[in-house]
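Worksheet: one structure, shown below.
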2 protein chains.
Amino acid sequence: MSAPDDRALEYVARYFKALAEPMRLKVLNALQDGEKNVGQLTEISGGSQANISKHLSLLTQYNLVERESRGTNVYYKIADPRVYDLCELVCGQIGNRMTLENDIKKMFVTTNHVR
Amino acid sequence: MSAPDDRALEYVARYFKALAEPMRLKVLNALQDGEKNVGQLTEISGGSQANISKHLSLLTQYNLVERESRGTNVYYKIADPRVYDLCELVCGQIGNRMTLENDIKKMFVTTNHVR
DNA sequence: ACACTATATAACTATACAATTATATAGTCA
DNA sequence: TGACTATATAATTGTATAGTTATATAGTGT
């Protein structure tokens with residue numbers, strides 16, 4: 001029950017920060033249905049190659065995605081699918097008070113998150 | 001299943017951003033056991049009065065806390081307790097791969113989150 | 001009205017970081 | 001080897017924001 005120590009707080013804050021950019025959310029969203037390489041993610045997200053690469057680098061550092069190079073391509077996939085539970089929770093909370101409810105709720109809430 | 005529109009992504013990112021600062025997490029943590037006024041939160045968090053006030057202002061804007069002034073004091077409380085579920089999820093994910101596991105897990109994981 | 005307390009805000013500085021452009025690295029195939 | 005493709009990184013610029021100090025606002029009691 002004691003106050004969490006500062007190091008722990010920084011870790012958690014860091015994790016949330018990784019999720020605090022629209023472009024990264026778009027990338028994570030694109031990875032919901034399986035791994036994709038940088039080119040695919042660049043096209044889907046509509047960002048520049050350099051920008052997406054940098055975001056992927058950050059997401060990898062923060063352990064949100066995993067990197068695997070095959071041939072001349074590099075494939076990324078979600079490291080822990082519970083990240084989508086986070087997004088669902090946030091969407092739920094925002095949806096509760098926003099007119100955007102429908103737009104938002106269908107974002108990350110796909111078919112089934114096993115748990 | 002279509003890509004979430006940009007406005008929705010920005011809302012979600014904004015919400016995560018509110019959670020992406022250690023001092024704000026500290027404040028939210030301090031509010032777990034009920035409302036507190038600015039003076040109390042300032043003391044608990046160890047920040048300056050001005051700084052805490054600014055963070056509270058932001059948390060209010062982003063609808064994470066609710067504000068109620070009574071007399072010369074202003075009391076803040078959690079707007080939606082599901083915010084702690086978010087923190088638990090993050091702690092769980094971090095805890096899974098960090099040595100800090102114990103430190104972190106006991107942070108936001110208190111007695112009972114009704115659901 | 002005045003003094004006193006609690007909270008908010010303004011002005012400022014320093015830092016973090018998103019996006020861009022240009023370039024480097026690394027793998028593949030001829 | 002050299003040409004080609006895919007990805008990463010460096011250098012730069014602009015913007016956002018955390019924290020500080022000083023000041024303003026608002027409520028209370030005399």
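Every chain is numbered from 1, with letters handed out A, B, ... down the list of sequences. Keep in mind that this is a model prediction, so the values were computed, not measured.
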K77(B) bridged to E68(B) by N-O distance under 4.0 Å: no

Distance test, side-chain N/O of R67(B) to OP1/OP2 of dA8(C), below 4.0 Å: yes

Length of the line joining Y75(B):OH and dT5(C):C1', which is rounded to integer Å: 13 Å

Length of the CZ-C1' vector between R24(A) and dA16(C), whole Å: 12 Å

Residues 40-54 of chain A side chain polar contacts: donor-acceptor under 3.5 Å, at least two apart:
unit_1: Q40(A); atom_1: OE1; unit_2: N37(A); atom_2: N; d: 2.9
unit_1: T42(A); atom_1: OG1; unit_2: V38(A); atom_2: O; d: 2.8
unit_1: S45(A); atom_1: OG; unit_2: L41(A); atom_2: O; d: 2.8
unit_1: S45(A); atom_1: OG; unit_2: T42(A); atom_2: O; d: 3.3
unit_1: S45(A); atom_1: OG; unit_2: G47(A); atom_2: N; d: 3.3
unit_1: S48(A); atom_1: OG; unit_2: N51(A); atom_2: N; d: 3.1
unit_1: N51(A); atom_1: OD1; unit_2: H55(A); atom_2: NE2; d: 3.3

Within residues 34-44 of chain A, residues whose heavy atoms come under 4.0 Å of DNA chain D: N37(A), V38(A), G39(A)

Salt bridge R7(A)-D5(A), side-chain N to carboxylate O under 4.0 Å: no

Interatomic distance where CD1 belongs to I52(A) and P belongs to dT9(D) [whole Å]: 15 Å

Under 3.5 Å, N/O pairs linking protein and nucleotides 19-26 of chain D:
unit_1: dG19(D); atom_1: OP2; unit_2: N51(B); atom_2: OD1; d: 3.3
unit_1: dG19(D); atom_1: OP2; unit_2: N51(B); atom_2: ND2; d: 3.1
unit_1: dG19(D); atom_1: OP2; unit_2: H55(B); atom_2: NE2; d: 2.5
unit_1: dG19(D); atom_1: O5'; unit_2: N51(B); atom_2: ND2; d: 3.3
unit_1: dG19(D); atom_1: N7; unit_2: K54(B); atom_2: NZ; d: 2.8
unit_1: dG19(D); atom_1: O6; unit_2: K54(B); atom_2: NZ; d: 3.0
unit_1: dT20(D); atom_1: OP2; unit_2: S48(B); atom_2: OG; d: 3.4

Distance test, side-chain N/O of R70(A) to OP1/OP2 of dG27(C), below 4.0 Å: no

Touch class at under 4.0 angstrom, heavy-atom based, for Y76(B) against every strand present: sugar-phosphate

Distance-minimising heavy-atom pair for K36(A) and A30(A): NZ-O, 3.0 Å

Distance test, side-chain N/O of N73(A) to OP1/OP2 of dT7(D), below 4.0 Å: yes

Between dT7(D) (P) and L58(A) (CG): distance, integer Å: 19 Å

Least distance between heavy atoms, L31(A) atom then Y84(A) atom: C-OH, 3.5 Å

Charged N-O contact under 4.0 Å between E35(B) and R70(B): yes

Between dT7(C) (C1') and E68(B) (CD): distance, integer Å: 15 Å

Interatomic spacing from SG in C91(A) to OH in Y11(B) - rounded to 0.5 Å: 13.0 Å

Heavy-atom donor-acceptor pair, Y15(A) side chain to N63(A) backbone, under 3.5 Å: no

Cation-pi geometry met for R14(A) and Y62(A) (6.0 Å, 45°): yes

d(NZ, K17(A); P, dT15(C)) in whole Å: 14 Å

Nearest-angstrom distance from the residue atom NZ of K26(A) to C1' of dA18(C): 14 Å

Spacing of L19(A) atom CG relative to dA18(C) atom P, expressed in whole Å: 12 Å

